[in-house]
Amino acid sequence: QVQVVESGGGSVQSGGSLRLSCVVSGFTHRRPCMAWFRQTPGKEREGIAFIDSDGHTAYTEAVEGRFTITLDNAKNTLDLQMNSLTLEDTGMYYCAAQRHECSGSFVMTYTILYVYWGQGTQVTVAS
């Protein structure tokens with residue numbers, strides 16, 4: 001059974017940094033595409049950082065250059081390092097995984113393919 005568990009959310013001052021972690025377990029095959037999503041107040045949930053089975057990454061324009069998605073194969077964790085946080089980054093952050101391995105920017109950013117979800121972790125950025 002696949003499980004996705006996030007941790008690391010919290011409150012931070014504008015301009016500060018936070019690191020989110022996600023443990024994904026239960027896959028019996030090669031690691032699938034994984035991603036971080038977020039839902040900010042008044043908006044729908046959106047994918048913001050993606051990583052495919054080969055380790056290639058993609059980011060939405062809103063976070064590119066500030067956020068970094070990494071995979072620690074030894075610990076089986078998916079991390080999201082968030083720097084230069086702004087008030088607009090406040091929201092609920094979710095780790096998610098697709099069902100199968102994938103390669104390339106088109107498939108890894110195809111959000112409908114993400115079927116395994118964590119419970120979410122709150123990030124609050126204060127002025």
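Predicted model only: the values in this text are computed from it and were never measured.
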Would you say S103 and D54 are linked by a side-chain donor-acceptor pair, where the criterion is simply a distance under 3.5 Å?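 Yes, side-chain donor-acceptor contact under 3.5 Å.
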
If you compare all heavy atoms of [X] against all heavy atoms of [Y], which two are closest, and at what distance to 0.1 Å?
X: I48; Y: V63; answer: O-CG2, 3.4 Å
X: P32; Y: A97; answer: CG-CB, 4.3 Å
X: C22; Y: V4; answer: SG-CG1, 3.5 Å

Close side-chain approach of [X] to [Y], heavy-atom, < 4.5 Å:
X: L78; Y: I69; value: yes
X: L18; Y: Q81; value: no
X: R66; Y: T86; value: yes
X: M82; Y: L20; value: yes

Stacked cation flag R45 on Y94, 6.0 angstrom / 45 deg: yes

Could you measure the distance from the [atom1] atom of [X] to the [atom2] atom of [Y]? Nearest 0.5 Å is fine.
X: S11; Y: Q122; atom1: OG; atom2: CD; result: 8.0 Å
X: C33; Y: L113; atom1: SG; atom2: CG; result: 8.5 Å
X: L85; Y: T124; atom1: CG; atom2: OG1; result: 11.0 Å
X: Q98; Y: M108; atom1: CD; atom2: CE; result: 10.0 Å
X: E6; Y: C95; atom1: CD; atom2: SG; result: 5.5 Å

Inspect the surroundings of CD in Q119 and state if more than 12 heavy atoms from other residues, nucleotides or ligands are less than 6.0 Å away.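 Enclosed: over 12 neighbouring heavy atoms sit under 6.0 Å from CD of Q119.
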
Hey, could you give me each pair passing ring-ring contact (aromatic ring centres under 6.0 Å, His included) that has a residue in residues 44-67? Not counting sequence neighbours. none

Mind jotting down which residue pairs meet the ring-ring contact (aromatic ring centres under 6.0 Å, His included) criterion with at least one end in residues 107-127? Sequence neighbours excluded, please.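 Every ring-ring contact (aromatic ring centres under 6.0 Å, His included) pair that includes a residue of residues 107-127, provided the two are not neighbours, is F27-Y116, F37-Y114, F37-W117, F106-Y110.
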
Any salt bridge linking D52 with R31? Criterion: basic side-chain nitrogen under 4.0 Å from a carboxylate oxygen. no

Partner residues of E88 under the salt bridge (Lys or Arg N to Asp or Glu O under 4.0 Å) criterion, sequence neighbours left out: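 For E88 there are no salt bridge (Lys or Arg N to Asp or Glu O under 4.0 Å) partners, ignoring immediate neighbours.
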
Which residue is it: D79, T68, N83? I am looking for the one with a side-chain hydrogen bond (donor to acceptor under 3.5 Å, both in side chains) to R19. D79

Please confirm whether the backbone N or O of C102 pairs with a side-chain atom of S53, one donor and one acceptor, at under 3.5 Å? yes

If we ignore hydrogens and angles and just use 3.5 Å, is the side chain of T90 paired with the main-chain N or O of V125 as donor and acceptor?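 Side chain of T90 to backbone of V125: a pair is present.
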
